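Computed from a predicted model, the values in this text were never measured in an experiment. We name chains A, B, ... by the order of the sequence lines, and we start the count at 1 in each one.
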Number of protein chains: 2
Amino acid sequence: MNTKEALIASTQELLWTRGYTGTSPRAILDHSGVGQGSLYHYFSGKSDLARVAIERSAERMKARVATCLLAGGRPIDRLLAFLNDDRPILRGCPIGRLTADPEIAADETLRSIVADALQRCRVLLVQTIEQAMVADELAKDMEPSVLADLMLSTLQGGLVLAGAAASDVPYRNSVAALITLLRRPDSAHR
Amino acid sequence: MNTKEALIASTQELLWTRGYTGTSPRAILDHSGVGQGSLYHYFSGKSDLARVAIERSAERMKARVATCLLAGGRPIDRLLAFLNDDRPILRGCPIGRLTADPEIAADETLRSIVADALQRCRVLLVQTIEQAMVADELAKDMEPSVLADLMLSTLQGGLVLAGAAASDVPYRNSVAALITLLRRPDSAHR
DNA sequence: GTCTATATGGAGATAGAC
DNA sequence: GTCTATCTCCATATAGAC
């Protein structure tokens with residue numbers, strides 16, 4: 001891996017575990033083994049390097065979600081594959097964790113990359129939920145976008161609780177509970 | 001309000017919006033209008049002041065949750081009151097946001113206060129869910145602790161999404177979807 | 001108790017040599 | 001392209017006067 005890529009990879013790594021405010025250029029150089037001069041040769045500064053690193057992580061997340069939701073098979077099975085996708089639970093979401101960072105919130109460029117990545121996942125999710133409802137695999141007693149938000153909240157919130165408890169149990173419980181509830185028939189079928 | 005209380009209140013405020021890593025002693029002094037000397041007179045340093053501030057915020061959250069869940073009336077109504085409790089959605093959860101802070105995660109004292117506060121809310125939630133199941137107000141097709149985790153995840157995740165989108169819609173959608181799902185009959189009643 | 005002065009180290013970046 | 005030197009500012013505190 002070349003120097004530039006090493007900087008990006010180390011920044012992705014550190015942003016994931018320490019956030020933007022908690023990551024210094026010094027820490028990035030130490031982690032990557034790259035020298036001071038190279039950082040400012042390839043990037044204009046910390047925020048520029050972070051922008052590239054976050055874009056990289058966002059692309060990765062969107063690709064992963066798309067792989068689950070745009071695969072073949074029944075829509076409901078794709079949704080379950082998305083919910084049950086193997087995630088590094090104790091590390092949290094590399095994008096979701098940045099939403100709480102004060103310096104990211106204050107930087108419109110960085111903020112929009114994060115918000116956009118989540119938004120794109122939501123769009124894919126809404127489409128797949130619509131397909132599942134049309135195929136009568138999901139009850140139609142709520143708007144697809146409303147259910148999509150619950151799915152994303154369950155995952156993001158599960159990761160928050162898992163991080164706090166230093167255990168994957170709250171995350172797994174949350175996903176399991178949501179799936180159990182989705183399997184219930186809606187009121188119209190009573 | 002005396003000087004010490006002003007320091008605590010300002011620290012609570014800044015930890016809420018900027019996290020621990022993103023909050024400097026200088027910012028606390030500026031926000032509170034208190035002088036440098038007073039901070040180190042009343043507290044041993046930043047982490048000591050933060051500890052008191054976080055304990056204060058944790059007590060506040062636990063009290064708020066207890067007010068909803070230990071009120072009179074049917075268990076299911078108390079659960080709905082908890083889910084529908086009026087929260088400052090765009091500001092996020094003052095405790096939940098700290099779970100992602102790297103310096104809090106590294107400080108066992110601070111970390112345990114945050115984890116403990118969430119855990120106590122979970123315990124109250126489990127108890128109330130058990131009562132609702134006994135009273136046949138909730139389906140018994142899952143463990144109370146599993147459903148409790150989903151409820152907490154929905155709220156915490158809803159706040160994450162709301163922060164990212166700078167809109168309360170994802171949060172409100174998530175809560176509404178969860179309540180809709182909870183109202184469905186379980187499979188045994190088909 | 002609160003003030004101001006001072007200290008150390010790190011954040012974040014620039015400059016110029018190689 | 002990468003290195004080292006240097007710069008300014010801020011984080012986090014300590015010291016001692018008032």
Side-chain angles (χ1 to χ4, degrees), chain A residues 1-55 97-98 100-111 113, chain B residues 1-55 97-98 100-111 113:
Chain A
M1 185 160 54
N2 64 38
T3 306
K4 184 175 182 180
E5 287 301 315
L7 282 170
I8 297 171
S10 286
T11 303
Q12 285 184 274
E13 189 69 19
L14 290 169
L15 288 180
W16 195 351
T17 50
R18 302 192 45 88
Y20 182 83
T21 301
T23 298
S24 67
R26 181 101 296 275
I28 294 171
L29 299 178
D30 289 347
H31 185 275
S32 63
V34 169
Q36 181 103 357
S38 299
L39 195 165
Y40 292 95
H41 172 71
Y42 290 110
F43 304 95
S44 71
K46 176 184 172 182
S47 66
D48 185 41
L49 171 52
R51 179 183 54 74
V52 175
I54 295 172
E55 282 170 348
R97 84 111 63 216
L98 297 179
D101 195 295
E103 296 186 31
I104 290 203
D107 182 321
E108 185 48 28
T109 299
L110 299 181
R111 202 200 62 75
I113 297 170
Chain B
M1 186 158 55
N2 63 40
T3 307
K4 184 175 181 181
E5 287 301 316
L7 283 169
I8 297 171
S10 285
T11 303
Q12 284 184 275
E13 189 69 18
L14 289 169
L15 288 180
W16 195 349
T17 49
R18 303 192 43 89
Y20 182 83
T21 300
T23 299
S24 67
R26 182 97 295 273
I28 295 170
L29 298 179
D30 289 348
H31 185 276
S32 63
V34 169
Q36 181 104 356
S38 298
L39 194 166
Y40 292 97
H41 172 71
Y42 291 110
F43 304 96
S44 71
K46 175 184 171 181
S47 67
D48 185 41
L49 170 53
R51 180 183 53 75
V52 175
I54 296 172
E55 283 170 348
R97 85 111 61 215
L98 297 179
D101 195 294
E103 296 185 32
I104 289 202
D107 181 321
E108 185 47 29
T109 299
L110 299 182
R111 203 200 61 75
I113 297 171

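Proximity note for B:K46 (side chain, C-beta onward) versus D:dA13, C:dT2, D:dT2: the nearest is D:dA13. Picking from D:dC3, C:dA13, C:dT2 the nucleotide with the shortest atom distance to the side chain of A:S38 gives D:dC3.
For the pair A:F43 CZ and D:dT2 C1', the computed distance is 15 Å after rounding to whole Å. Distance, B:N2 CG to C:dG1 C1': 12 Å, rounded to whole Å. A straight line from CG of B:L14 to P of D:dT12 spans 12 Å, rounded to a whole angstrom. As rounded to whole Å, 10 Å separates atom P of D:dA13 from atom CG of B:L49. Atom P of nucleotide C:dA11 and atom CG of A:L39 are separated by 13 Å, given to the nearest angstrom. Straight-line distance from the NZ atom of B:K4 to the C1' atom of C:dT2: 16 Å, rounded to whole Å. The nearest whole Å value for the distance from the CG atom in A:L7 to the C1' atom in C:dA13 is 15 Å. When rounded to the nearest whole Å, the span between CD of A:E5 and C1' of D:dG1 equals 16 Å.
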request  = Might you work through the side chain to side chain contact (heavy atoms under 4.5 Å, CB included) test for B:T23 and B:T11, ending with a clear yes or no?
outcome  = CA-CA 8 Å; B:T23 299; B:T11 303; 5.6 Å; no
query = Can B:I54 and B:L110 be said to form a side chain to side chain contact (heavy atoms under 4.5 Å, CB included), step by step?
reply = CA-CA 8 Å; B:I54 296 172; B:L110 299 182; 4.1 Å; yes
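One finds the CD atom of B:E55 at 10.5 Å from the CD atom of B:Q12 (value rounded to the nearest 0.5 Å).
Looking at A:T21, A:T109, A:L15, A:L98 one by one, the single match for side-chain contact (heavy atoms from CB on, under 4.5 Å) with A:I104 turns out to be A:L98.
Smallest separation of non-hydrogen atoms from A:F43 and A:L7: CE1-CD1, 4.0 Å. Listed here is the closest heavy atom pair of A:S10 and A:H31: OG-ND1, 2.7 Å.
The shortest distance between the side-chain N/O atoms of B:T3 and the OP1/OP2 oxygens of C:dG1 is not below 4.0 Å. In this structure, B:Y40 does not reach the D:dA15 phosphate: none of its side-chain N or O atoms is under 4.0 Å from OP1 or OP2.
Side-chain atoms of B:K46 come within 3.5 Å of backbone atoms of B:Y20 as a donor-acceptor pair (strictly under, hydrogens ignored).
For DNA chain D, the residues of residues 21-37 of chain A within the heavy-atom distance limit of 4.0 Å (strictly under) are A:G35, A:Q36, A:G37, sorted by number.
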